[in-house]
Every structure is written in C-alpha cells, then in structure tokens.
Number of protein chains: 4
Amino acid sequence: MRIGLLTGGGDCSGLNAAIRAVVKHGIGEYGHSIIGFRNGWKGVAEGDVRPLTRSDIRGVLDTGGTLLGTARYHPHSADGGLDAVRSTLENERIEALICIGGDGTLHAASKVAETGVKIVAIPKTIDNDVAGTDRSIGFDTAVHVATDAIDRIHTTAESHNRVMVVEVMGRSAGWIAVQAGIAGGAELVLTPEAPFDIDRIARYLRHRHRAHASFSIVVVAEGAVPAEGTSMEWQTKYGRFGEIVSGAISERVAAEIQERTGFDTRVTVLGHVQRGGTPLPSDRILGSRFGVAAVDALQQGRTSVMTALRGEEVILVPLEEVAGKAKPVPPELIRTANALS
Amino acid sequence: MRIGLLTGGGDCSGLNAAIRAVVKHGIGEYGHSIIGFRNGWKGVAEGDVRPLTRSDIRGVLDTGGTLLGTARYHPHSADGGLDAVRSTLENERIEALICIGGDGTLHAASKVAETGVKIVAIPKTIDNDVAGTDRSIGFDTAVHVATDAIDRIHTTAESHNRVMVVEVMGRSAGWIAVQAGIAGGAELVLTPEAPFDIDRIARYLRHRHRAHASFSIVVVAEGAVPAEGTSMEWQTKYGRFGEIVSGAISERVAAEIQERTGFDTRVTVLGHVQRGGTPLPSDRILGSRFGVAAVDALQQGRTSVMTALRGEEVILVPLEEVAGKAKPVPPELIRTANALS
Amino acid sequence: MRIGLLTGGGDCSGLNAAIRAVVKHGIGEYGHSIIGFRNGWKGVAEGDVRPLTRSDIRGVLDTGGTLLGTARYHPHSADGGLDAVRSTLENERIEALICIGGDGTLHAASKVAETGVKIVAIPKTIDNDVAGTDRSIGFDTAVHVATDAIDRIHTTAESHNRVMVVEVMGRSAGWIAVQAGIAGGAELVLTPEAPFDIDRIARYLRHRHRAHASFSIVVVAEGAVPAEGTSMEWQTKYGRFGEIVSGAISERVAAEIQERTGFDTRVTVLGHVQRGGTPLPSDRILGSRFGVAAVDALQQGRTSVMTALRGEEVILVPLEEVAGKAKPVPPELIRTANALS
Amino acid sequence: MRIGLLTGGGDCSGLNAAIRAVVKHGIGEYGHSIIGFRNGWKGVAEGDVRPLTRSDIRGVLDTGGTLLGTARYHPHSADGGLDAVRSTLENERIEALICIGGDGTLHAASKVAETGVKIVAIPKTIDNDVAGTDRSIGFDTAVHVATDAIDRIHTTAESHNRVMVVEVMGRSAGWIAVQAGIAGGAELVLTPEAPFDIDRIARYLRHRHRAHASFSIVVVAEGAVPAEGTSMEWQTKYGRFGEIVSGAISERVAAEIQERTGFDTRVTVLGHVQRGGTPLPSDRILGSRFGVAAVDALQQGRTSVMTALRGEEVILVPLEEVAGKAKPVPPELIRTANALS
C-alpha cells in the first residue's frame, strides 16, 4: 500500500516518534511505502512529497518538532484546495492518508474523508483539547516545560517577596495551566473554563501575604478571561491571524494585582519553549503507539477514524465523533488545583 | 477527625506530593488533624508519630523520597504486629488511616482493615504493577530516569559499535522495561511476562549488525527469565531478603550474547537512581490528586478502598479487589516495543 | 568569631551552596557563630537577623534562590544607612561580614569596609560581569536555562520556517547571550559590547534563507543596542527602577527583521526563569568553594577582599581592584559565536 | 588545505561540537576541505575516510558521542601502524591532522608528529586528567550526570536510613568523584589521589549516624585504593583489556562498611551513562572554541600543539609538554570536599 503521511498545525514534541513508528511499522511489518508530505495539508495541495525510508527516521525518536515540517493551511477553506489534494493523491497513487494534527487538521481530515479518501488521524496538541482521547501527543512535554519554569520562578519569587504571574498556552482550554499549576504548586490558576474575579484574587493574595506567605505564583492560560460583571474590563486582544495575543491577559492581570495589593508583581510569558525540545518518554510512547495503531487500522480496513488513548489502551474512534468537539478540563481537576493553593 | 498517615515499602518520587495534599486538604478543607507515622507500618507498631502541620509540607512538592521515611515491615506477619498497631491507633485516638504503598503495604492495609480500622489506600510503586489503577505514584519518574539513561547509552553505543545491555527495575512485571524500551528506541526488551530465547536474540543481533546496524541496545527487567527448554540455563539469584539480585540476569545475558555473537557487549545496571529525585509533573499531579481524593473518601465515609486513576478520572476501588492482584504489561504494548525494534 | 552573612542584589542559583559552605565550614572547622541577615543590606540596616545552624542548611545544596532573602538596598545611598549598619553590627557583636552579591553589593561592601568593618565578599551574578574572577555564582546555571530554551525553540523554528528572536538577560554585558548563543547554535548574537547594524542583519538572514536555511535563531541580550548611524533608531527604554525594560529591544529587532525580510519572525523573552531553579553542579561547586575560602580568609585575617576563580584555583583579590569594574565578553568568544553561525 | 580529523579513545559529550566547529570554521572561513577518519587512529591506518561537509554537521551540536566513531587503537604500538598512517595521509593528500582525544590519543599524536606530520590536538576526557588545560571536553557533562544520580540517590538514602556507595569513573584521577561529591553533598569522597583507611571511614560513619544522621553517601572513584598498612587488603582487579574492573572497589568498600558498622549499605555503579547524552552548554562551548582554535592554529602554521583552556582564554600549548603528564585533583578541592561533609 502507498500511504501518505502529514503533520499539520502547530508543532510539538513527539511528532517524530509518530512519524518513525508509521515508517518502521508500515515498511517493516507490511511492506508499505510511506510518502511524506511537507508542511501539512499545504504540501498535499502543492504536491510537495518526501518519500520516507528507514534511514530518514534514524535518530529522530528523541527530537522535538516534525521532520516533515508543518503549516496552518486548510484545504476545504482554500480556493480549489480539496481538488488540489485529490489531484496530488491520484498523481502519487496514495491509497490512504495518515494525518497527525490537532483540531484544525482533524477538521480538514474529516472534510477530505468526505470526498472518499481513506484517512486515519492521530491527535496531537499541546493544549490537550482534542475530544475522544485521554491524551494528545505533545501535551505531557508542554506541561513538563511549564512546570520546570514555575519551579525556577518559585525560587526567585521566594527570594524577593513577589507575586509572579506566569502565562502558559491554552486558548480555549486550561489543561496546561491546571496541570502545571498543580505540579508547580501555584497559588492560583486562571483558565478559560472558569472566568475569574480580579477582586477576589486580590483579596485572597492580600489575605495570604498577611497571614504568612512572602510570595505567590499565579498561572494564567492565555485564553483566561474575567467573569462578566466583575470589576476588570477586558476585551480579548487578537493578532494578525485572529489568534489570541500572547502575553496580553497576563500583563493586564499583573497590573491589576499590583494596583489592588501594592505587591511587586512580575510577568513571565513562556511562549514557544512549550512546543519544542526533547519529548518526555510519555510523548515518545504515545507517538509510537499511535503510529503503530494507525498503520494497523489501515491494514484492517478501518478508515475515517482517529487513534485514541483510553486508560491503558489505544483504541480507534470515529473521526466524526471527535472533530470540532471541545474537551474542557474536568471540574475535579480544577478543584484539586484550588484545594492545594 | 484525627487521620493517621504512613508511607510503606520502597520509596519513589511523588510520595511527598501525596503527603502534602493530605495535609493541605485535610487541614484546610475539613479541619482534620494529620498524624504521620515514621517508617511505614513499623512506625505504627512502635508508636513513632510525627504530627504534620502546613509548615512541615512547605517546599516538598518537587522533592523525591518520603519525608515520613519508610520501611519494609508487615504487621500481620510480625509477632504481635496487629495488636501493636491497634494499640497505637487507640493511644493516638486515630479515627482513620491513609496508607501510601505498593503491593506489600496494600496487603497489610487489607489485613489491618479486617480488624475494623477505617483505611483508604493510595497506590505507589515504580513497577506500576498495582491492579485496579492505570498508574501508581512513582512509575512515570522511574521511566523518565531509565529513558534518560538509555538516551545517554545510545550515543556511547553508537560511537563504539557495541551491544549495550541495560538493566532496569521490575521483578514481577516489565512495565519500566517496556516503556523505557519504547521511549529509548531499544532493539530488544526482555520482561518477566515474556520469557526469552537467547539463541533467537543472538540470531537477531547478528542479522541486524550484518544488515546495517553498528550497535544495539537491549533493555532487561531484573525479573526477566529465559524460556524453558531454550539453551540458556538460569537459576534466578536471590539476595538476603529473598529479593531478586540486582544485575544478575543482565550480566548473564550480556555474557551469552558476547559468546554467541562475538560483539563487544557491556552492561549498565541502573539501580537505585530509578527511585529518587525530582518527580515528573505527572507524579506530582497523581500524588496530589490521590491525596485529595483519599481525604474526600474518608469524609464521605468510604473505607477499605484505594484511590485509582482510570483514564482522566480518579475513582475509588474496593481494597479487596486489588490487594494481591498482579497487573502485567498488556500484549499490545509489548507488541509495540517489538514492532519498532 | 561571630560572622555576619548576607546575600544582596538579584537572586540566582548557587547562593544556598555558598551559605551552606560558610555555615558548615565556619561552625565545623573553627567553631564560629554565623549570623544571617535577611534581605541583604536592608536586613543589616534594620537588624533583621537570623542565626544559622547546621540544621538550617540541611537539604539546601541543590535548591535555587537564597534562604536569606535578598533586596536591592545600598546603605551608602540610603539616608543614615551606614550608621544603621554600624549600629546593628555592634548590637549583634558581629566581628566580620561575608557579603554575597554582584556589582551593587560589592560596591556597598567597599563603602562599608571603609568605615572599618572587616569584610570578605563572594561574587554572584548571572551576568558574569564582576571583574577579577573567571566566574561568578549563578552564571553557568543561567546559561544552561537559556541554552535549554534555545534548544526547544530550535525545533519549533525548524518546523515552521521562522526567524526566532530570543531575549536573554545581560544589561551591560553579553555573557549569557554569547555563551548560550554558541551552545544553542544561534545564527546571530547581539550584545551590548558590539552594537549591531539591522540592515546587515537583514541582508545576512535573506542570504542565508535564500541559500539553504529554513529558519534562523537570533539571540539578543536585553542591553543590546543598534550602532550609531545605522538605520534603526532606538531609545533604550527604562522601567520604574531605572532598569532596562525587559522585552523592549527584542520586540523591536523582530519587527525590523520582519519588515525588512518578510520572514515570519517571533519573539521569546526568557525573563525570570534564568535566575532560579536547581543549580548546575558547577554553581554548587563554585558556591561551596567560595564559602569555604571566605571563612578561611577571615581566619587568616584577610579583609576587604573578594574570593575569585582563576583557572582551577580559588584566590583572594582586593575588593578595591574589582568593585565598580566592568568585565566585557572577550573578543575571541564573540568571534567564535560569529564564526559558527 | 586538506585537513584530516579524527576522534580517539572513549567517547564523551561535546565531541560533535568540536567536529562541527572544525568543519564550519575550516570551510566557511578558509575554504579548507575536512576529511574525517572513522574510528580514530584505526580509521587512519585503514584509510577509512568520510569527507565532511556542512550538511553532515547539521543538528549535531547538542548530541552526545562522536559522529566519526572512535576506537582504542595506537598506531605506534600496532605492527606497521605508523607506516599505514603515513600511507593513508599521502593517498588522501592530507596536509595536517586535527586529533581529538585523551591521554592515549595525544600520546599517539606526538608519536605521529615525530614522523613529520603536522598535528593540532584537542583534549577530551571525562576524567579531566589531561595536563596543561583547565578543562577537557566531556568532563562537565560527566560531572552533571554523576551529580544528578547522587541527587536521586540522596532521596532514597534518606527515606531508608542507608549508606549508599556510588561509583563514578576515574581510574587515575578523582576529578569526577571530587566534583560530583561536592555538588551532590556526599559525606565521603574516595579518590586515587588519597588512599583511604576503611577503619577511619567506618568510625566516621558510626559517629555521624550516632550524632544525628539517618543516611550517608560515599562517592568512590573506580581507581580509589586503600592506604597501605590499613586493615582492608585489596588487589586492584583488571579486566580483559588491562583496565580497572568497574564496580570492583565499590562493592568491596560497601561490604567492608556494612560489616564494620552494621548499617544497610547499597552500591550503585554509574558506568556508561557518564559518557553520553546531551552535552552541557559548557562542553558545547569548549568543543566549539577548541575546534575554531585548532583550525586557526593550522592556518597560522602552528603545529605539534594542543588547544587548552586557561581561565577565560583558549591558548595553544606544545604537545610534548602535556602528552603523558598526569593532572591530579588539587589539594584545595579535596579539602573542600572534606570540609563540607
């Protein structure tokens, strides 16, 4: 079988483990050909192919990023995009596609699948907000990077009696914020799921510092918002590509805290470091298992499905059940984050 | 409520996160008193108490080991052990116990629970072989340490054209071996679950090195055994305390490989480093969630239960359903390890 | 002897190793009393003492920050500051002071020494710009954090064909920028020592991307400035305390690059993470050696000196020779950074 | 110029940084051709060449090991070795050689240089025992790995009230032992430089545990030996290649401590992990600087020299002054290790 392979959307750690698994298992177990496309759906539309052999995936297991490159491009919303995709797949005699991506890529995959293309999807996103799976590739490593940063900021906060505001990724879900907040021992975690009241926050910090504390750490997801009717007015800021502007909410939250409490308050925006670098073992394992499972799924004639982790097991779920669905942080986890502050 | 708290069995990373959560949540949410016991069940039998306050658990979230100490002692198998436990609990007016431990500690907990003591257990073991839960505290960090070591050994193996045998912990289950093997890109993984044939191994390595490879990495769980009827005779070696002797099987496997293949073959036994050190975020989070859940369980009158992770959720399972049960590595995971070699 | 001990200025990693060494060696070898002051010179002026015993320094060797706290306060520029210092030292019967700090603290130390106080100084600064010593406490760890971030950003830059601008600390010297730039394989390093020409930078990047590259990494010290007479006008931005505003220069450089080249250009400002967290072995060793050497110096009657590393040796240098002196990055190192781009 | 390049002896972290610097600087600055030899002097003797271009050294800066491979082979002690070397150099029209290696490789280099070959050497050894330079490539990373292991072992020692014996590399010098011992807060450090008295050790540990301690960490260099006339008899054990047998001394020391004190005493032998993996920034920087300096040296007509670090500077020293010389740990450093126990 000739299998096409692409990675779409933002990069993250563990993508190369999945690519390696598709190539090793596809070639080694079934004798398939694996045809990579550069830069996600864009490469499919443009016919930018890179056939992958065993030697291409040597030494990539512990590397970050994606050796295929990636781009934000959606064939169904680009002019003639779906036709270009079909045409490339025919020219390259691709019999099935394995798409590794997040929300946008999965949505595109379901659109392309509707045109009759056999597709198996593999979920990746540092935001962990793909529905239907316990974990997506890249999340655990992002939490690790964010926790490591909070650990470091802890010691400087303590030494200087400061409030430190740390902004992490998460536009529509607060998974990184909540998990890194618990792991890093943050006092407060602000997420898109639970709009905040800046006055309550200021009261809590004043109370805490009056009682015993000499510092506090506030973790803020970039998509966090103040609750309606509370005293902080806020218009979410959007950048060139319509995305939430990195740093905007945390700078504002810090200014409001400083004004209300008088405490020296500083901001750190973690930014791109959360995407890259050596993947944690769990992301390498998840990528490897998903890659093997995707190849096996095609072999068994399964299509329009996504690989998913459920407890200890890797299963397949219909693409239509998950594409476009949100996966908010469960209340128990948010409660734990608050219980330990 | 006066709640007793102990950590038993081997130490691991994430125990202090669980202790911290019990103390913070127990005191902060419900006003309980938390009475720690030093050195596991031994401390309970001997009345070696250490009351825990908020200040005792400051700064411990990211530390390895257990601030309460631990020991291998089982009250039900020690003379007068159960009576001593009862007596201490009465003297200290302990109304319920939270026990953090692995197989042995959970078994002891079920025996003590039979005498009428209210108990909630929290599973921890770097071996990940406690039944009923997807994960136990300490496992992810152990896999991380082992993977990091394999990554390092990779580069030296490559530079010198060697076969490197790496022994990891796992006496009755090969969880660390399989996960670190997949994450570290090992060529072969030997586990207690799947007895090995040394001749097949030697053939595979000869074939691999003849084809293209200049080195190979073999990960061996300390409880791995040769298959019956195969050419390597082996009598598992036991130490003073009846435990499997660290290094024995890997030294033997390396000697047999070298003899059969002529390749320069070296051994690394990871040993105690797998137990300790800064816990990964996932172990801090698991410890924190389990600690909160254990306190909540007691508040709700649940007893003789163990906290457990199932997918994204923390649930409670009856102690009798899990104590003494094994949890072998599932075949899909072993298959993935082999598929990618 | 009763020895006072303080840490001043910004915090960094390795301070606790130095504090621990002063306490262990001072008490263990000579039977001295070690009297800590909280929050640097401010604590001396205010008489905020914390006597230090062996148990206070247990477990601190591998921790970041300073257990004594720190503050930016200079007794010679505060009203009545020097008198308050003298008065505290008399009340506490302090016979000598060990001051751990950077430029500001060393300058204050020399002013206090002029009033007749016996002082030994220990240099610390993540900027590595204290004269007279090869290394100051905290620098190596800061370089490690910055390099780790660049490594992570590398993979995301590669996956997305971007120019990534990474801002590191360094207001008057570019030590972190140059070392992390070399270690992280950056294409360009901008430092205060060598004012840059934004047009040459843009030309170089265009040339590089036309030739072969799909991404570039530019490391910018926060004190970097454009060369006079070049096309980028720039007024350094100063914050509330007269310090250079974090992020200002890198945001501007990124905008200029994007405008001139059309390449997607993104900024990461590392900020406070460079100060804290687990110290590298070399900072623990440096802190330990300096602490031992400072106690030995007082014992030998040496005063108004600073401990310093020269090659493999720890020596003492007169405080007056180093206080207020700059230590720019040597040209050979800047040349190496450029040679490898 | 056609420059030959080889890496000899044991592998370590930072070699690829040096190779990369030689290639980038040699080609980019001077237009040289860089001809790599596989597997050290063996590859030179056998004519096993691998020409190196810019694309060969892409992505290697942060990798461990050596992309050229290495072997323990000395042309001057092999039959016809020097002639084979000369013959290859002539066939390949090599005008000068850059040799990266430790003691053995440097000694071979001086022998080959005597036959008229232009040679610049670059020192690497995790043992740090090459004379004439403050640091050799690979040492800092080895210390980091060893310290990280001691940190992990610390927490498990503490939790179980044990004496932990940790064996690190160092056959003729105790650099790793002393530095990782200081950085890891070890109680005792045993080195080849200072033969030990096992009875004094046992007395010290008994005293320490009686006084206050619940655990102790003893770091042992593999070349440590008991002092003559003391109560522990010891015949150093040698392996197949005449090298000291890994683990032998530490197993023996642990047994003697356990027998004399009764404390539960465990051994960890770190082994090969010390050689490999992601290099610390300082080893990447050292490799980069040495690589640039070696190319520059040849350009300036300097030959039979070794690059060396002295304080902040990279200098050149005559090969004859350093080959075969030892570099023991200075007494001040050993004293510091003991002062802080």
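Just so it is clear, the values below take in all heavy atoms, side chains as well, and ignore hydrogens, waters and symmetry mates. In what follows, every chain begins at residue 1, and chains take the letters A, B, ... in the order their sequences are listed.
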Of all the heavy-atom pairs spanning G184(A) and L61(B), show the shortest one and how long it is.
-> C-CD2, 3.8 Å

Straight-line distance of H25(A) NE2 to N338(B) CG, nearest 0.5 Å | 11.0 Å

Test side chain to side chain contact (heavy atoms under 4.5 Å, CB included) applied to I285(A) and T336(B), I182(B), V178(B), T147(B), the passing residue = I182(B)

Taking atom CD of Q299(A) as the centre, report whether more than 12 heavy atoms of other residues, nucleotides or ligands fall under 6.0 Å from it.
-> yes

Count the heavy-atom pairs under 4.5 Å between each of G185(B), A339(B), A146(B), G311(B) and chain A, then report the option with the highest count.
-> G311(B)

Point-to-point distance, once rounded to the nearest 0.5 Å, from CZ of R335(A) to CZ of R289(B) = 12.0 Å

Considering all heavy atoms, the nearest P281(B)-H144(A) contact = CD-CD2, 3.4 Å

Please look at S288(B) and chain A and tell me whether the side chain, the backbone, both or neither of the residue comes under 4.5 angstrom of a heavy atom of that chain.
-> both

Best-contacting candidate, D148(A), L309(A), L333(A), T278(A), against chain B by heavy atom pairs under 4.5 angstrom | L333(A)

Measuring heavy-atom distances to chain B, does D283(A) have an atom under 4.5 Å in its side chain, in its backbone, in both, or in neither?
-> neither

Relative to chain B, which segment of H154(A) carries a heavy atom at a distance below 4.5 Å: side chain, backbone, both, or neither?
-> neither

Separation between CG (L340(B)) and CZ (R284(A)), nearest 0.5 Å, reads 13.5 Å

salt_bridge(R310(A), D134(B)) N-O dist < 4.0 Å = no

Please say whether more than 12 non-hydrogen atoms of neighbouring residues, nucleotides or ligands are located less than 6.0 Å from NE2 in H207(B).
-> no

Go through the atoms of R54(A) and report whether side chain, backbone, both or neither lie under 4.5 Å from a heavy atom of chain B.
-> neither

Do you know the tightest heavy-atom contact between E312(B) and E332(A)?
-> O-OE1, 4.4 Å

Using non-hydrogen atoms and a 4.5 Å limit, figure out which bit of V143(A) sits close to chain B: side chain, backbone, both or neither.
-> both

